[in-house]
Amino acid sequence: MTALLLAWLMASPLAAAAQASGGYRIAGVVVNAASGQPVAGARVTIAPAARPGERVSAVGGDDGRFAFTGLPRGKYELAGQRRGLLAGGWSGAIIAGPGQDTESIVLRLSPPGIISGKVVDDAGEPVAQGLVELLGSRIIDGRRQLTKDSFKRTDDTGEYRFSSLPAGSYYLVVSGVPWYTGFNETMGDSAPRSMTHAGYGIRYHPNAGDPAAAEPLILTAGQEATSNFTLLPVPAVSVYVHCGQHEELTKQYTLTAPGLPGNPVSVRQGSGTGDLYNLWGVPPGHYTLRAEATDGSRTWYGTNEFDVAAADMDVGVTLREASSLSGAVVPESGGSLPAQFTVVLRDETGRSQPLAMGAGGRFSIPAIPPGRYRVGFSGADDYYLQSWSAEGGRREGEMLDIPAGAAVRLTLSAARGVGRIAGSVYRDGQPLPGALVVLSPANRAMPSNSDGSYEFRGLPPGEYALFAVEDGADLEYANPAALRPYLSGAKKVLVSRGDSDKVGQAVSPAFPKPLQ
């Protein structure tokens, strides 16, 4: 249990002018996050938090120490890198100013981790060209999500290797086809059925055949972890794909099966021209087929969902010209939006599609795959998304469903928040840097700065719950179920128009550990 003293205020006065002469100093040491030993010769970079492009860098000494002097009063971001280690940054901002202790900053750089292993068949023979997918489990926009970080094909010895990995939680998924099913291409119908009608079942770490039995591989900093797999043969069929459109173009086909949440497993891939393509080695199950073709200026997509039983089957797919997306962001009170304002669409796997805003708040993308996207924006802390609507697509809560071949137009209303909540986090009477400060139901969180301070800007009027957690890296701060243990002790803060100079204090109770 970690007891945190949370002092808060709304719209505190702006900081005084910078010290007239001499400036301030930020100094510390770069250490290896795994061993705690100093890192010699690391390149350390510092930049004003409000102007990250104004970076200044220096190389640390043999003892890992670094120092930046003559700095104006303000907030700074600190980052470092060294060959053989992963680049990293200091959590939160470092506050330079009167009375601030910025002489003992510790910047931790982690050694890279490795996940490797071997894939064999039921006879213990290596499986070459097996597909190994690496999925990372991490907090994105306040919710834990699985995202595909990378993939590898096994080599001739059945081995694979993922390197330069940060510490974290990972899932591995393996699929493939027996080598002898390649006789489909060379011998066609004259090949023995036992050789052309075989496949492999999908496997999940730790070598499980059911996605419900999949377990995360917890990788620590610098760890070399091993995960081996055995692909078991299963009866399979050929799926004959018929696509009579644009026969002159090369079509990319991808066949996926349900896997871990939000991440279907790639079972077969291929490409070809003409109106017929054979996907062989497909075990019984439920699948989604995706087709894509382009002539360089236009793109076409097609999908079909179907079930595979015990016999070869024919499946048709119809290509439709890619959906287009356009729209505009309208400021609630008129005027113009910041130049860095960017509309962001995030798909169900966590991948984002930023859309830069042009004149008049307009944005567009000529071709976007059909699917479901979460609508938001970035680059303007003082603004929030007040409302949005869609023509040509369907809104489902916070999600936008874009159908194939549609011309979708979005209208977003952005309002400038009137509220600002700022303050400091303390433990045992001392400022606590790096604590996670959470504001609900705004679904916002940030680490406290070097002096324990935090600041939320651009808040719409309303009542908020405010609390802090010392070890909050794994807290799903946008998940109501994950927040429930914290809300009973949270500070209630009311933001309304015209009360920007209210001041108050509160002592938070002990907080439970973040949910795992």
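This structure is a prediction, so every number in the text was calculated from the model and none was measured. Along the sequence shown, residues are numbered consecutively beginning with 1.
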Looking only at heavy atoms, which two atoms of [X] and [Y] are closest? And how far apart?
X      : Y      : answer
Ser271 : Tyr277 : O-CE1, 3.3 Å
Ser450 : Ile95  : OG-N, 2.8 Å
Thr294 : Leu249 : O-CD2, 3.9 Å
Ser448 : Leu432 : OG-O, 2.7 Å
Pro485 : Ala481 : CD-O, 3.8 Å
Gly80  : Leu109 : O-CD2, 3.5 Å

For a 4.5 angstrom cut-off between non-hydrogen side-chain atoms, does [X] reach [Y]?
X      : Y      : answer
Tyr170 : Ile218 : no
Tyr160 : Leu172 : yes
Tyr373 : Ile368 : yes
Leu325 : Leu355 : yes
Val315 : Tyr287 : no
Val343 : Gln353 : no
Thr154 : Glu159 : no
Val317 : Thr303 : no

[X], [atom1]: over 12 other non-hydrogen atoms inside 6.0 angstrom:
X      : atom1 : result
Arg108 : CZ    : no
Arg153 : CZ    : yes
Phe151 : CZ    : no

Under 3.5 Å: donor-acceptor pair, side chain of [X], backbone of [Y]:
X      : Y      : value
Asn207 : His205 : no
Ser137 : Leu146 : no
Thr342 : Gln340 : yes
Gln245 : Leu319 : yes
Lys251 : Gly270 : no
Asn449 : Lys75  : no
Ser175 : Ser266 : yes
Ser323 : Gly405 : yes
Thr288 : Thr256 : no
Arg55  : Ser57  : no

Value rounded to 0.5 Å, distance of [atom1] in [X] from [atom2] in [Y]:
X      : Y      : atom1 : atom2 : value
Ser440 : Leu487 : OG    : CG    : 5.5 Å
Leu410 : Ser326 : CG    : OG    : 8.0 Å
Thr273 : Glu247 : OG1   : CD    : 9.0 Å
Leu134 : Lys152 : CG    : NZ    : 9.5 Å
Glu133 : Ile202 : CD    : CD1   : 9.0 Å
Glu215 : Ser169 : CD    : OG    : 11.0 Å

Are [X] and [Y] within salt-bridge range, i.e. N to O under 4.0 Å?
X      : Y      : result
Arg416 : Glu332 : no
Arg394 : Glu396 : yes
Glu476 : Arg144 : no

Distance alone, cut at 3.5 Å: any donor-acceptor contact between the side chains of [X] and [Y]?
X      : Y      : result
Glu292 : Gln252 : no
Arg138 : Thr147 : yes
Glu305 : His286 : yes
His242 : Asp314 : yes

(Q) side chain to side chain contact (heavy atoms under 4.5 Å, CB included), that's the test. Do Asn263 and Lys148 meet it? Break it down for me. (A) CA-CA 8 Å; Asn263 285 272; Lys148 289 185 179 178; 3.3 Å; yes
Quiz item: How far apart are the C-alpha atoms of Arg372 and Asp347, what are their side-chain angles, what is the distance that settles it, and do they pass the salt bridge (Lys or Arg N to Asp or Glu O under 4.0 Å) test?
Solution: CA-CA 6 Å; Arg372 286 166 49 85; Asp347 68 18; over 6 Å; no
Apply side chain to side chain contact (heavy atoms under 4.5 Å, CB included) to Asn278 and Leu276, showing your working. CA-CA 7 Å; Asn278 180 10; Leu276 180 64; over 6 Å; no
Residues pairing under ring-ring contact (aromatic ring centres under 6.0 Å, His included) where one sits in residues 342-370, two or more places apart or in two chains, turn out to be none
Legend entry - Check against side chain to side chain contact (heavy atoms under 4.5 Å, CB included), Leu289 and Thr254: CA-CA 6 Å; Leu289 174 66; Thr254 303; over 6 Å; no
Tyr464 meets the ring pair (Phe, Tyr, Trp, His ring centres under 6.0 Å) criterion, sequence neighbours left out, with none
* Cation-pi check, Arg268 onto Trp280 ring (under 6.0 Å, within 45° of axis) -> yes
(request) Walk me through it: do Arg420 and Glu455 pass the test salt bridge (Lys or Arg N to Asp or Glu O under 4.0 Å)? (result) CA-CA 7 Å; Arg420 173 177 173 269; Glu455 179 185 31; 2.3 Å; yes
Quick check on the 6.0 Å ring-centre criterion: do Tyr383 and Phe377 meet it? no
*asked:* I'd like to know whether Leu260 forms a side chain to side chain contact (heavy atoms under 4.5 Å, CB included) with Tyr204, so could you lay out the CA-CA distance, the side-chain angles of the two residues, the decisive distance to 0.1 Å, and finally the verdict.
replied: CA-CA 9 Å; Leu260 297 171; Tyr204 304 84; 4.1 Å; yes
